[in-house]
Amino acid sequence: MTAFKPRDPDFEARVRDSFARQTMMNTIGAEIVELAPGVCTLGMGYRRDLCQQHGYLHAGVTTTLADSAAGYAAFSLFPAGSSVLTAEFKINLLAPAAGERFLARGRVEKSGRTLTVVRSEVFAVDKDGVERSIALMLATMMCLADTADS
């Protein structure tokens with residue numbers, strides 16, 4: 001993996017501040033597990049109220065985790081004063097989202113001035129800590145410059 005150098009030395013505070021303002025992450029109980037330049041891992045526990053009719057975590061929640069992990073991985077490389085917005089994504093749901101915990105690992109593949117391509121993978125973690133890949137996303141994130149809300 002390529003080591004990325006953030007354009008903002010205070011990227012971590014900026015990412016965490018933005019994450020704290022994202023009410024959807026609070027609603028689903030997600031948290032930042034890992035944050036480094038070009039990398040963001042989000043985690044959340046199983047919640048029955050976020051499942052579909054078969055008891056699996058709903059695909060919308062899986063997608064939300066993948067999208068936010070990808071977005072914050074990209075945002076970690078953006079300059080101060082900018083914000084992030086998803087431009088597009090493609091997600092493959094690989095297996096039913098059954099587990100005790102879920103992790104979404106976003107990793108920048110190609111960082112650009114305006115557009116950044118990110119890969120995000122979601123894992124279901126069982127009670128023994130064994131991870132199983134359940135979704136794979138490829139996303140494009142847009143750097144919006146000089147905005148107050150990131």
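Because the structure is a prediction, the values reported are computed rather than measured.
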Student: Rounded to the nearest 0.5 Å, what separates atom CD in E88 from atom OG1 in T140?
Tutor: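 That separation rounds to 3.5 Å.
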Student: Looking at G60, is its backbone amide N or carbonyl O close enough to the side chain of T64 to form a donor-acceptor pair, meaning the two atoms are under 3.5 Å apart?
Tutor: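 At least one qualifying donor-acceptor pair exists.
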Student: Given the rule in the side-chain contact (heavy atoms from CB on, under 4.5 Å) test, do R47 and L57 qualify, once you have shown the distances and angles that lead to the verdict?
Tutor: CA-CA 8 Å; R47 290 204 7 217; L57 192 68; 5.8 Å; no
Student: Evaluate the side-chain contact (heavy atoms from CB on, under 4.5 Å) criterion for residues E100 and V125: first the C-alpha distance (whole Å), next the side-chain angles of each, then the deciding distance (0.1 Å), finally the verdict.
Tutor: CA-CA 6 Å; E100 301 288 315; V125 184; 5.9 Å; no
Student: Is Q52 reaching over with its side chain to a backbone N or O of H54, donor-acceptor style, under 3.5 angstrom?
Tutor: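 At least one qualifying donor-acceptor pair exists.
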Student: Less than 3.5 Å apart, which donor and acceptor atoms pair up between the side chains of residues 39-46 and the rest of the protein, not counting sequence neighbours?
Tutor:
unit_1: T41; atom_1: OG1; unit_2: E34; atom_2: OE1; d: 3.1
unit_1: Y46; atom_1: OH; unit_2: G55; atom_2: O; d: 3.2

Student: What ring pair (Phe, Tyr, Trp, His ring centres under 6.0 Å) pairs are there with at least one residue in residues 106-126, not counting sequence neighbours?
Tutor: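 As it turns out, there is no ring pair (Phe, Tyr, Trp, His ring centres under 6.0 Å) pair with a partner in residues 106-126 once direct neighbours are skipped.
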Student: A80 and R14: which non-hydrogen atoms are nearest, and at how many Å?
Tutor: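 Answer, listing the atom of A80 first, then R14: CA-NE, 4.1 Å.
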Student: State whether the side chain of N92 and the backbone N or O of L94 hold a donor-acceptor pair below 3.5 Å, judged by distance alone.
Tutor: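 The answer is no, because no donor-acceptor pair under 3.5 Å joins these two groups.
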Student: So, for M25 and S68, which heavy atoms are closest and what is the spacing to 0.1 Å?
Tutor: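 Residues M25 and S68, closest heavy atoms: CE-OG, 3.4 Å.
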Student: Short question: side chain of S76, backbone of A73 - any donor-acceptor pair under 3.5 Å?
Tutor: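 Looks like yes, one N/O pair under 3.5 Å.
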Student: My understanding is that only residues two or more places apart in sequence, or in another chain, count here; which of them pass salt bridge (charged side-chain N to carboxylate O under 4.0 Å, His left out) with D67?
Tutor: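 If we apply the salt bridge (charged side-chain N to carboxylate O under 4.0 Å, His left out) test to D67, skipping adjacent residues, there are no hits.
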Student: How far apart are the closest heavy atoms of C143 and R113, and which atoms are they?
Tutor: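 Taking C143 first and R113 second, the nearest heavy atoms are CB-O, 3.7 Å.
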Student: Is D126 reaching over with its side chain to a backbone N or O of D128, donor-acceptor style, under 3.5 angstrom?
Tutor: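 The answer is yes, because a donor-acceptor pair under 3.5 Å joins these two groups.
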Student: Got a second to check how far T62's OG1 is from F102's CZ, nearest 0.5 Å?
Tutor: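 That separation rounds to 6.5 Å.
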Student: Dump the intermediate steps for side-chain contact (heavy atoms from CB on, under 4.5 Å) on L65 and I28, then the final yes or no.
Tutor: CA-CA 9 Å; L65 273 178; I28 67 172; 4.1 Å; yes
Student: Find out if a path of hydrophobic residues (ILVMFWY) with successive side-chain heavy-atom gaps under 4.5 Å connects Y72 to V61.
Tutor: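 Yes, Y72 and V61 fall within the same hydrophobic cluster.
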Student: Can you confirm whether M141 sits close enough to T86 that some side-chain heavy atom of one is under 4.5 Å from a side-chain heavy atom of the other?
Tutor: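 Counting from C-beta outward, M141 and T86 do come under 4.5 Å.
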Student: What donor-acceptor contacts under 3.5 angstrom involve side-chain atoms of residues 114-122, with partners at least two apart or in another chain?
Tutor:
unit_1: S120; atom_1: OG; unit_2: A66; atom_2: O; d: 2.9
unit_1: E121; atom_1: OE2; unit_2: S133; atom_2: OG; d: 2.6

Student: Might you point out which heavy atoms bring I134 and A97 nearest each other, and give the distance in Å?
Tutor: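 I134 and A97 have their closest heavy atoms at CD1-CB, 3.5 Å.
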Student: Roughly how far, to the nearest 0.5 Å, is CG of N26 from CZ of R21?
Tutor: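 Separation between the atoms: 14.0 Å.
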Student: Which ILVMFWY residues can you reach from I91 by hopping between side chains whose heavy atoms are under 4.5 Å apart?
Tutor: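 Besides I91, the hydrophobic cluster comprises F89, L93, M137, listed by chain and residue number.
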Student: The test is side-chain contact (heavy atoms from CB on, under 4.5 Å); show your working for F4 and V108 and say whether it passes.
Tutor: CA-CA 9 Å; F4 291 102; V108 170; 3.6 Å; yes
Student: Under the salt bridge (charged side-chain N to carboxylate O under 4.0 Å, His left out) rule, collect the residues that match up with E31, sequence neighbours excluded.
Tutor: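 Listed in chain order: R101.
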Student: What heavy-atom pair brings F75 and S82 nearest, and what distance separates the two atoms?
Tutor: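 Smallest interatomic distance, heavy atoms only, reads CE1-O, 3.4 Å.
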Student: Between V84 and F78, is any pair of side-chain heavy atoms under 4.5 Å apart?
Tutor: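 The answer is yes; the side chains approach within 4.5 Å.
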